[in-house]
Structures are given as C-alpha cells and as structure tokens.
*Asks:* 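So that we are looking at the same thing, I have put the structure below in structure tokens.
Letters go in sequence order (proteins before strands), and every chain restarts at 1.
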Amino acid sequence: MSSEDGTRGGGAAGDGEPEQLALVREAVRKAKVPRAKPRTWRGAALAKELPVARVLVDKGVLHLDRYFDYAVPEELDAVAQPGVRVRVRFGAGGRNVREGRREGGSLIDGFLVERVAESDYSGPLAALAQVVSPEPVLGPELLGLARAVADRYAGSLADVLQLAVPPRHGRAEAAQTGEPAPPPVAPEPRSWLRYGRGEEFLRALAAGGTPRAVWTALPGPEWAEEIARAVQATLASGRGAIVVVPAGRPAARVDEALGQLLGEGRHALLTADAGQEKRYREWLAVRRGAVRAVVGTRAAMFAPVRDLGLVVVWDDGDASHSDDNAPFPHVREVLELRASRDKCGFLLGGWTCTVEAAQLVESGWAAPIVAGREQVRAAAPLVRTVGDADLARDEAARAARLPSLAWQVARDGLRDGPVLVQVPRRGYVPRMACARCREPARCRHCAGPLEARDGTGALRCGWCGREEGGWHCPECGGHRLRAQVVGARRTAEELGRAFPAVPVRTSGREQVLDTVPGTPALVVSTPGAEPVAEGGYAAALLLDGWAMLGRPDLRAGEDALRRWIGAAALVRSQGAGGTVVVVAEPTLRPVQALVRWDPVGHAVRELAERAELGFPPVSRMAAVSGPAEAVVDFLAAVELPPDAEVLGPVPVAGPTVPGSGAGPAAGGGRTRRPAAPVTAEQWERALIRVPPGSGAALAGALKRAQAARMARGVPEGARVRIRMDPSDIG
DNA sequence: AGCACGCCGACT
DNA sequence: GTCGGCGTGCTC
C-alpha cells in the first residue's frame with residue numbers, strides 16, 4: 001500500500017530521525033508490546049483467522065535458530081497449515097525504511113511451524129511467498145524430537161531437519177498412498193526363548209507395554225528374524241516400530257525377515273542408496289500412516305511413524321550409526337530420546353556390547369537380555385589365540401605371515417566349508433612400522449607414513465612421495481621394518497598361493513559380497529564386509545590383531561572385539577567344528593573376552609574403568625576445534641557450567657583428516673561441502689568435560705557461545721567446530 | 001551470507 | 001555540505 005505502511009512498526013518517530021527511530025524500535029521490542037494487527041509490506045489481504053505464521057527458516061546457522069513470523073495472505077490461508085514447507089523472503093534487503101516498498105531479501109525454504117493470532121515482532125511482517133506443498137511433513141512429534149536432538153548436540157534445528165526430512169519429490173507426493181493394514185497377530189517367541197527375558201520382552205510389546213532392553217544376541221543369522229518378531233509383536237499391539245541398522249546389507253536381512261513374517265507391503269525400507277523419489281515415497285507412506293513398520297539406515301531414526309511403540313538399533317558400535325553431517329547425532333542417542341519422548345519400547349541389540357549399552361543397563365534405564373552360558377557355548381565357535389610368544393617360536397610364521405596354527409585351522413576348515421580371513425584394512429599398500437618397537441615408520445621430510453609400493457621393497461612416503469633409502473627407527477634405532485597392516489588383496493594373493501586348489505574370494509569396500517556358498521573357499525574380507533556363508537564358515541582367521549588393538553583410541557579394544565565377534569558370529573558353532581584363530585596377545589582384555597565369548601563382561605569392565613578415569617560416556621565431553629587463536633577466543637567467551645573442566649587445547653591434525661567425517665560442526669549454510677580446504681594454520685582442539693547430568697548444560701553453553709560468535713560474523717578462518725561426544729579422542 | 005545503516009575522513 | 005570508505009548488526 002502506501003509507503004507509510006512499510007515504514008516501521010512503532011509509527012511514532014519521524015522519518016528524519018533515524019537514531020530515535022532505532023531507539024523507539026528497541027524500546028518497543030524490549031517492552032514486548034504485541035501488535036494488535038500484523039501489517040505487511042504491501043498491506044495485502046490477510047487470512048481472517050490466525051494470520052501469523054511462525055516459520056523456521058532453513059538456514060543452519062545457529063543465530064537464526066529461532067522462528068520468524070510471517071503474515072499469511074488470504075489466498076494461502078487454506079494450505080498454510082502447520083508442518084508444510086514454505087518459501088519466504090528472508091534477508092536484510094527488506095528493511096529499507098526510507099522507501100518502504102521494497103520486497104525482502106531472497107527466497108528461501110522453511111517450515112511453517114505454527115499459526116498464531118498475533119506476532120510479538122514489532123515491525124511489519126513480510127508475507128509468506130509460497131506454500132511449496134500442502135503436505136504437512138513436519139508434525140509436532142518430529143519437530144519436538146528434532147528440537148531435542150539439536151539441543152543435545154549443540155546444533156541448529158534446521159541442520160537436524162535436513163537429516164530428518166527427506167527432500168521433496170513432487171511425483172512421489174502426488175501418488176496415492178495405500179490403506180493401512182490391520183494389525184497382525186502376535187508372534188510366537190520362538191528363538192527369543194533362548195534368552196532369559198526374551199519372551200517377557202515380546203509379550204510386553206504385544207500387550208502395549210514399553211519395555212527397554214539391551215540385548216546381546218547369540219552368534220548366527222537368527223538376529224534379523226528375532227528383530228522382526230519384536231516388530232511384529234509391536235504391530236500386534238496396534239503401534240508402529242522403527243529398526244535402524246548400520247548398513248544396507250543388514251537392512252536387507254531385516255527387510256527380508258519382516259517380509260516373511262508380515263507379508264509384503266506392511267513395512268518400509270528406508271536406506272540412503274534408494275533414489276530420491278523412492279525414498280520420499282516410502283517416507284510419505286510412513287508419515288501418512290499407511291505403513292507402520294520401518295527398517296533402514298541411520299536417517300530412518302527420524303521416520304515419522306505414527307503411534308510409535310518400539311525403536312530398535314542393531315550393532316550400535318558401528319561407526320555408521322553416527323551421522324556425518326552436523327550436528328552428528330548418533331542413532332542410539334536419538335532413539336533413546338525418542339523412547340523417552342514418545343513413551344515407546346526400546347531395543348538395543350548386537351552380537352557385542354558397547355560401553356554405552358552397558359551404561360544403559362547399569363543405570364537401570366534398560367534391562368539386559370542375555371543368553372545363559374550353555375546357550376552361548378552351544379552357539380559360539382571355538383576361539384584360539386596366537387600371541388607374540390607363539391609367533392616367536394614359529395619360524396614359519398614370519399616368512400609366510402601366517403602362523404602355523406592359522407595355517408592348520410584353515411587347512412582343516414577347508415575340508416568341509418568356506419574359511420573366512422579377516423584383514424583389517426583394504427587396499428594393497430601396507431604401511432610400515434619398526435619391527436622391534438612398532439613405532440610407525442614416518443617420512444623424515446614431512447612425517448607422512450612410509451609405504452611399501454609394489455613388492456620391490458622400496459619405501460616411499462604416502463604423502464610427499466619421496467623415496468626413503470636408509471630408514472632407521474628414531475625411537476629405538478632399529479632398522480628392520482614390518483608391514484603394519486596388510487591389505488585384503490595382498491593377503492588374498494598370499495593365501496591363494498598357499499592353498500592353490502581352493503578358490504579365493506575377496507570382499508571389501510570396492511566390492512562387497514553378500515553371501516558365499518557353503519563349499520570350500522577362502523573368503524578374504526575387511527571388517528564389516530564379511531559375506532554370510534551358507535551353513536556358516538568352517539573357520540575364521542582374524543589376522544593382524546595387534547594392529548587393531550594398537551590404535552590410540554578409547555574404543556580400540558571395544559572396536560577390535562566388535563569386529564572379531566562380527567566375523568566369528570558367522571562361523572559354525574564349536575559343536576559343528578567351527579574354529580576361530582585370532583592373532584593377538586591372549587592376555588589382552590578384548591582377546592580374553594573373545595575367547596570366553598563375553599562381550600558384556602568386557603563392556604562392563606570398560607565402563608568401570610571409564611568411570612574411574614572420568615572418561616565418556618560416564619562423563620560427557622565436547623570437542624572444540626579450530627585455528628589455535630579461535631579456540632582460545634571461544635573458550636574465553638563461553639560461559640561453561642561450573643563443573644566443566646577444560647582439557648587442552650592441544651595441536652591436532654587439521655580439518656581434513658581423511659575419512660574422519662570432519663565437517664563444520666555447527667553453523668554453515670545449507671550446502672554440504674565435500675571437505676574443507678587444507679589450512680596452513682595450526683589447528684588445535686580442546687576437550688570439555690562435565691560430570692554425568694551436566695551434558696545438557698554443556699551443550700547449551702556451547703551453543704549460546706557459538707551463536708553469539710556467528711552472529712558477529714567471525715571470518716571463515718576464525719571459526720571453531722563443536723562436536724558433542726567426540727569419538728576420536730585418543 | 002548479504003545487505004543496510006552509521007560514523008568518520010576527503011573532496012566538489 | 002556530501003560522497004563513500006568500512007565496521008556492526010540484523011534478517012519476521
């Protein structure tokens with residue numbers, strides 16, 4: 001309308017006195033004087049009822065992590081319902097007070113969160129530019145969950161929603177969704193009877209209860225069906241269920257088990273590798289209530305299942321359960337939040353047991369579901385170890401890199417089935433370490449890792465490419481090297497030569513085999529890529545165990561055990577001749593836990609140790625990293641809870657550690673960039689530790705400080721990244 | 001990130 | 001006086 005309309009909210013100050021205008025505006029805002037009627041820039045006709053839309057603008061930056069009010073034009077009244085996607089003008093361009101007729105900034109996406117009668121914003125409201133579609137994709141439960149996740153991880157709501165709501169696809173949205181199927185009958189507990197409280201758990205679900213359990217699954221392939229039965233029990237109570245697994249292959253197993261138990265079309269498979277259209281179609285079928293059971297990888301943790309009765313996470317120690325986009329939520333934690341918020345059942349299952357899972361049991365939040373020792377003995381293979389002392393006695397081992405015991409077990413196993421060989425890393429190039437003290441061999445120019453290219457024995461730096469002639473160990477003066485980790489292909493070649501009559505298959509990152517037949521074959525695999533063998537493997541060799549355990553990581557032991565058990569669980573039971581050989585010191589805790597097949601005992605002991613040392617998850621931690629000065633600045637500005645303890649900062653490798661999933665932890669726009677450029681600056685990281693119970697306060701403090709910094713517009717090179725519960729803390 | 005507003009120095 | 005540099009702060 002007239003220029004007056006767009007001039008300002010207060011209406012009292014004169015145009016010629018901008019300072020006063022600003023003061024008046026400020027005063028009005030502080031007094032929180034609600035405007036009787038919202039005005040728009042152009043004075044367009046507004047919706048008669050609830051003419052104000054509260055909108056979450058889709059920008060991840062923390063200082064915009066709040067709602068903005070927009071006017072609802074009359075013509076959008078019907079479709080502008082809570083939960084729909086909208087487009088709005090957003091940006092400073094709209095505040096041209098003198099001219100008062102300019103449109104706002106650029107069009108950006110957002111979610112309409114709520115319709116209200118009045119705005120407490122004192123200026124004139126811009127109108128919603130567009131309702132993208134009438135589909136209410138962001139319901140109150142999902143919004144509440146996303147908010148809780150954002151708070152927990154000191155991230156922004158928009159960042160979480162990016163993970164939680166899949167991109168829209170018009171054709172998928174237009175398609176009709178089928179009718180919901182009636183609830184199935186409750187399942188027979190069947191193999192759940194092998195566990196102490198398994199039957200009880202299923203009955204509780206079927207009766208509409210909300211049991212919470214940490215379930216240590218017996219080795220073998222039954223776990224997928226067992227999960228499917230828990231889902232069936234939940235559906236029988238008239239509620240829905242979500243199952244989150246770490247990767248596509250386990251998703252396919254649960255998918256198949258659900259299909260067999262429920263029939264087709266009763267559940268949705270939500271995985272990242274499906275196309276956008278399919279993904280959105282399945283997601284919509286869930287949101288619309290046509291499908292009540294979901295299995296998928298980590299994004300499925302946000303699936304908008306109606307009337308949720310059960311959430312399941314399988315193998316929570318797998319790193320894939322940690323999202324690699326800000327704010328890096330972890331499936332286990334998100335499902336815990338969901339179980340608490342939605343008052344639904346919770347099942348954390350795996351062949352092994354993380355420290356976090358043990359803590360859920362110890363705190364009483366979840367009950368343990370474990371099998372008795374006799375059941376374990378009946379299901380698990382025999383585990384034998386090859387330690388350093390054995391290797392020292394074993395001349396043949398050093399030459400062939402295959403200890404005599406491993407050789408014998410492989411040979412015997414190959415008589416009646418496939419033999420799995422687990423090698424810790426893919427690729428052909430082995431990294432080198434001092435044969436005496438095991439110090440990694442590093443380039444003397446750039447400290448990069450020395451590698452043995454081609455079999456010629458020549459050493460070359462993996463970073464700068466310089467050849468290394470006369471290497472000697474800077475630690476102990478030794479001059480002999482050993483291969484620290486030998487890749488799958490090379491091992492496959494060696495084994496192929498050792499057993500010329502047997503086919504050798506490899507499964508690794510480049511090519512993952514799903515299953516192998518039950519006939520004699522050597523199956524060389526990296527951890528997590530092990531194919532399932534028909535009838536189980538006759539034997540498994542777990543090589544280079546010391547390399548797995550040698551990582552300077554809080555989880556090194558737990559990870560090694562998890563990977564070993566992940567392979568050993570595919571081996572036939574001891575009664576059926578199944579044998580596992582692990583090349584690692586038998587005195588080490590994870591090795592003993594493998595031999596005794598006691599992952600829970602291992603986790604409980606680790607938990608006690610972490611409690612004693614004040615390590616996570618018993619205390620909560622956050623990592624703040626960035627250029628040295630930025631970290632110091634941030635630490636000076638943040639108002640930490642009184643019980644917080646700052647460790648460091650200490651220098652760390654820069655922001656582009658390959659494969660670490662490092663990204664901007666908080667802040668940044670909508671575009672996901674692949675990797676930050678390598679900076680020449682010295683990067684540092686501080687850890688902040690708080691005792692149990694202060695995690696939320698810590699996250700809140702970090703978020704406030706980060707928001708304040710980002711609002712000031714600190715330059716790109718002076719930003720810090722915040723990560724709650726960092727996993728890579730030595 | 002982008003843009004306007006405001007304060008301060010140089011110039012018609 | 002007025003133009004335009006950049007430093008701050010806001011985005012309904």
*Asks:* Between dG2(B) atom C1' and K59(A) atom NZ, what is the distance in whole Å?
*Replies:* 8 Å

*Asks:* Find the distance F90(A):CZ to dG9(C):P and express it as a whole number of Å.
*Replies:* 17 Å

*Asks:* Would you mind reading off the distance between M710(A) atom CE and dT8(C) atom P, rounded to a whole angstrom?
*Replies:* 17 Å

*Asks:* Between atom CZ in R709(A) and atom P in dA1(B), what is the gap in whole Å?
*Replies:* 15 Å

*Asks:* Among all residues two or more places apart in sequence or in another chain, which pass the salt bridge (charged side-chain N to carboxylate O under 4.0 Å, His left out) test with R279(A)?
*Replies:* none

*Asks:* Rounded to whole angstroms, how far apart are OH on Y121(A) and P on dC12(C)?
*Replies:* 6 Å

*Asks:* Is there a donor in the side chain of D65(A) and an acceptor in the side chain of S156(A), or the other way round, less than 3.5 Å apart?
*Replies:* no

*Asks:* For the pair made of CG in L112(A) and P in dC12(C), what is the distance, rounded to whole Å?
*Replies:* 16 Å

*Asks:* Once you round it to whole Å, what is the distance between C1' of dA1(B) and CZ of R719(A)?
*Replies:* 9 Å

*Asks:* How many whole angstroms separate atom CG of D65(A) from atom C1' of dC10(C)?
*Replies:* 16 Å

*Asks:* Please tell me whether S625(A) and R721(A) have a donor and an acceptor in their side chains that are separated by less than 3.5 angstrom.
*Replies:* no

*Asks:* For S322(A), which residues count as a side-chain contact (heavy atoms from CB on, under 4.5 Å) partner, sequence neighbours excluded?
*Replies:* H330(A), R723(A)

*Asks:* Applying the 5.5 Å / 30° rule, does F68(A) stack onto the base of dC12(C)?
*Replies:* no

